[in-house]
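Just below is one structure, and these are the notes that go with it.
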Amino acid sequence: MSQRKQVRDPMKTKTGKTRLGGLTVTQLAALADKEGRKKIRAKILNKIRIVTGRKSPVALVVENTAGQ
């Protein structure tokens, strides 16, 4: 018999862990609520902190011109 070919999910690694890269803050928050392990939950919360702290170049220009 041949092995069954698995369909690759782009949001999971080859070991089955969830990729956190392309998710929005609301998606990450929902994922953190469902996660039971402290270590994984800490990774998700750290990613939320990074994403919320990052600003686009357009937002920075708008802030600079609004302050003047």
Side-chain angles (χ1 to χ4, degrees):
M1 284 179 101
S2 63
Q3 287 185 329
R4 194 176 123 212
K5 183 174 175 144
Q6 291 183 339
V7 177
R8 182 158 144 49
D9 184 5
M11 292 307 292
K12 296 212 180 259
T13 63
K14 69 178 187 177
T15 58
K17 296 179 182 176
T18 306
R19 292 185 197 269
L20 303 177
L23 299 176
T24 63
V25 176
T26 54
Q27 290 171 327
L28 287 169
L31 192 64
D33 290 339
K34 288 191 279 184
E35 185 58 51
R37 295 182 60 199
K38 285 183 180 180
K39 183 177 180 181
I40 305 299
R41 184 173 165 78
K43 286 182 183 181
I44 296 169
L45 294 175
N46 187 35
K47 182 67 176 180
I48 291 173
R49 186 182 56 78
I50 290 170
V51 170
T52 54
R54 186 183 308 147
K55 293 188 178 179
S56 69
V58 175
L60 294 174
V61 170
V62 169
E63 284 183 8
N64 288 340
T65 56
Q68 294 177 354

**Message:** Is any side-chain heavy atom of Ile40 closer than 4.5 Å to one of Lys17?
**Reply:**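 Lys17 vs Ile40: side chains apart.
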**Item:** Closest contact, heavy atoms only, Ala32 versus Ile44
**Value:**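 Taking Ala32 first and Ile44 second, the nearest heavy atoms are CB-CG2, 3.6 Å.
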**Heavy-atom pair with the smallest gap, counting every atom of Arg19 and Lys12** =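 Between these two residues, the closest heavy atoms are NE-O, 3.4 Å.
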**Asked** Got a sec, which pairs hit side chain to side chain donor-acceptor pair (under 3.5 Å) with one end in residues 33-45, sequence neighbours left out?
**Response**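 Side chain to side chain donor-acceptor pair (under 3.5 Å) check on residues 33-45 returns no pairs.
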**Request:** Is it possible for you to say whether Leu31 and Val25 belong to one hydrophobic cluster, with membership spreading through side-chain heavy-atom contacts below 4.5 Å?
**Result:**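 Yes, it is one cluster - the side chains of Leu31 and Val25 are joined through contacts under 4.5 Å.
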**Asked** With the 4.5 Å side-chain cut-off for hydrophobic clustering, are Ile48 and Ile50 part of the same group?
**Response**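 Unlinked, Ile48 and Ile50 end up in two clusters.
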**Message:** Going by the rule side-chain hydrogen bond (donor to acceptor under 3.5 Å, both in side chains), which residues pair with Arg49 if we only count those two or more places apart in sequence or in a different chain?
**Reply:**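 Scan of Arg49 (side-chain hydrogen bond (donor to acceptor under 3.5 Å, both in side chains), adjacent residues dropped) gives Asn46.
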**Gln27: side-chain hydrogen bond (donor to acceptor under 3.5 Å, both in side chains) partners, not counting sequence neighbours** =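 side-chain hydrogen bond (donor to acceptor under 3.5 Å, both in side chains) check on Gln27 returns Thr24.
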